[in-house]
2 protein chains.
Amino acid sequence: MRPKNLEKEQAIRTVALDIIAKEGLENLSMQKLAKAANVSPRTIYIKYENKEDFLVKLFINEVLEPYEQAVLKDFSEQMDFADGVKKIWMNTFQYLKNNRPAFAIIQYSKSSLLLNKAYQQQNIQQGQFFAPIHRFIAANIKAGTIKNFHFDVYRAMIFPVLLELVSEYFDYTERPKQIITEKVLLECCATVIKGIMK
Amino acid sequence: MRPKNLEKEQAIRTVALDIIAKEGLENLSMQKLAKAANVSPRTIYIKYENKEDFLVKLFINEVLEPYEQAVLKDFSEQMDFADGVKKIWMNTFQYLKNNRPAFAIIQYSKSSLLLNKAYQQQNIQQGQFFAPIHRFIAANIKAGTIKNFHFDVYRAMIFPVLLELVSEYFDYTERPKQIITEKVLLECCATVIKGIMK
DNA sequence: GTTGTAAGTAAATAAACGTTTACTTATTTT
DNA sequence: AAAATAAGTAAACGTTTATTTACTTACAAC
């Protein structure tokens with residue numbers, strides 16, 4: 001039996017992410033992808049049932065999982081609240097800054113019905129995608145460090161700000177002056193923490 | 001000369017927003033839209049050059065402009081910082097809560113290359129889309145009420161949080177317990193303000 | 001009331017889409 | 001080295017897409 005060419009499999013995935021980042025998810029067609037990855041359309045369908053299956057697996061395996069790992073790197077639930085948030089904050093920024101395709105597809109997942117569904121399902125199946133952060137927040141509420149808001153509210157107060165700053169970081173990389181510097185980022189983080197802490 | 005049927009024009013726009021909210025922008029085709037609005041495809045092309053032209057005008061005229069007006073209702077640059085932010089915050093929430101299609105299309109504009117471009121251009125042509133808020137922030141920096149961050153950074157610290165809360169508000173309307181209440185919203189706003197103010 | 005004309009329709013167009021068919025290739029097993 | 005078989009290809013499939021063509025309708029102007 002002829003063995004699978006893993007390079008081709010990888011090419012399909014990386015080229016797909018590249019097209020999404022450069023031309024948008026709305027402009028990714030299976031034929032375009034096959035051509036760009038130098039394979040026959042049929043080759044994609046050996047591994048993936050259909051386009052939906054491909055996109056969902058691409059999103060979860062190539063983006064969400066590495067993203068979660070990067071966000072939680074060197075983070076511990078036992079950390080001091082401010083330190084913990086700062087760690088997550090800078091981890092997230094570092095990862096997204098160096099993975100524009102990942103950032104692009106994450107942005108799409110906020111509106112695309114398909115990717116949104118995939119995200120919700122992943123969140124349910126894996127228990128919680130950001131379970132350690134959930135427990136971190138819960139512990140700090142119990143300890144009285146922070147107010148008793150629902151976890152989803154805390155999520156809303158931390159991540160969207162940061163994602164918007166990443167978006168601005170990319171916008172400004174094509175302009176004379178970058179305003180999203182590491183200093184600004186840390187000050188923003190401190191601002192958010194100051195608001196949240198009792 | 002036969003006069004234009006304004007009802008049909010309006011039907012096209014409202015049906016389009018409805019499809020985007022319910023089935024997603026990725027599932028809006030000109031033929032589906034024409035059928036749902038009970039007109040011939042050709043009728044859409046009397047007023048709009050092509051699909052892109054239609055979507056951009058829909059976004060700007062039916063969504064962004066009413067959105068800006070609603071956000072700035074009863075807001076004044078001379079307001080106290082906390083009062084001003086609270087006013088904008090609650091205006092935005094009220095508007096989006098009652099205009100799910102508007103919220104849906106605004107979410108799409110964060111990722112869709114087409115709508116994103118439209119938003120940027122509108123922002124440039126109209127001077128600044130949220131010019132009064134820009135001046136409000138600038139005045140408060142000058143007065144020393146808040147830190148000297150770039151306007152885009154302040155924008156990132158206020159609006160994305162709120163949009164995420166609106167997203168969660170809609171998520172929770174289909175569940176037993178709504179967590180995004182007016183009380184929570186006001187407390188979140190206070191939290192954000194507390195962080196930002198010196 | 002006839003006429004001019006833009007509004008509007010139904011059906012058709014070509015291009016692009018996701019996916020499949022019919023076939024060839026490369027490798028392991030015998 | 002021949003057989004077996006999944007990997008892979010090129011070309012084609014039937015649909016759906018955005019847009020247009022050829023035609024009809026409804027009203028203002030005369």
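Chain naming here is simple, since letters A, B, ... match the order of the sequence lines and numbering starts at 1 in each.
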Interatomic distance, [X] [atom1] vs [N] [atom2] [rounded to whole Å]:
| X | N | atom1 | atom2 | value |
| --- | --- | --- | --- | --- |
| B/L33 | D/dA18 | CG | P | 10 Å |
| B/K35 | D/dA18 | NZ | P | 14 Å |
| A/I44 | D/dT9 | CD1 | C1' | 13 Å |
| B/E7 | C/dA7 | CD | P | 17 Å |
| B/F54 | D/dT19 | CZ | C1' | 15 Å |
| A/E26 | D/dT17 | CD | P | 16 Å |

Check: B/S29/B/Q31 side-chain N/O donor and acceptor closer than 3.5 Å: no
Side chain A/Q178, main chain A/Y169, donor-acceptor under 3.5 Å: yes
Within 45° cone of B/F170 ring axis and under 6.0 Å: B/R100 NZ or CZ: yes
Using nucleotides 5-8 of chain D, report all nitrogen or oxygen pairs with the protein that are shorter than 3.5 Å.
residue, atom, partner, partner atom, Å
D/dA7, N3, A/R2, NH1, 3.1
D/dG8, OP1, A/N5, N, 2.8
D/dG8, O3', A/K8, NZ, 3.2

Whether over 12 other heavy atoms sit under 6.0 Å from B/E174 CD: yes
A/K194, NZ atom: more than 12 neighbouring heavy atoms under 6.0 Å: yes
Evaluation steps, ring pair (Phe, Tyr, Trp, His ring centres under 6.0 Å), between B/Y108 and B/F59: CA-CA 10 Å; B/Y108 273 105; B/F59 178 46; over 10 Å; no
Per-nucleotide protein contact string for nucleotides 13-18 of chain C, where B marks a base within reach and S marks sugar-phosphate only (heavy atoms under 4.0 Å, - for neither): ----BB
Ring geometry between A/Y95 and A/Y67 (parallel below 30°, tilted from 30 to 60°, perpendicular above 60°): tilted
Parallel, tilted or perpendicular, as decided by the 30° and 60° cut-offs, for the rings of B/F54 and B/Y48: perpendicular
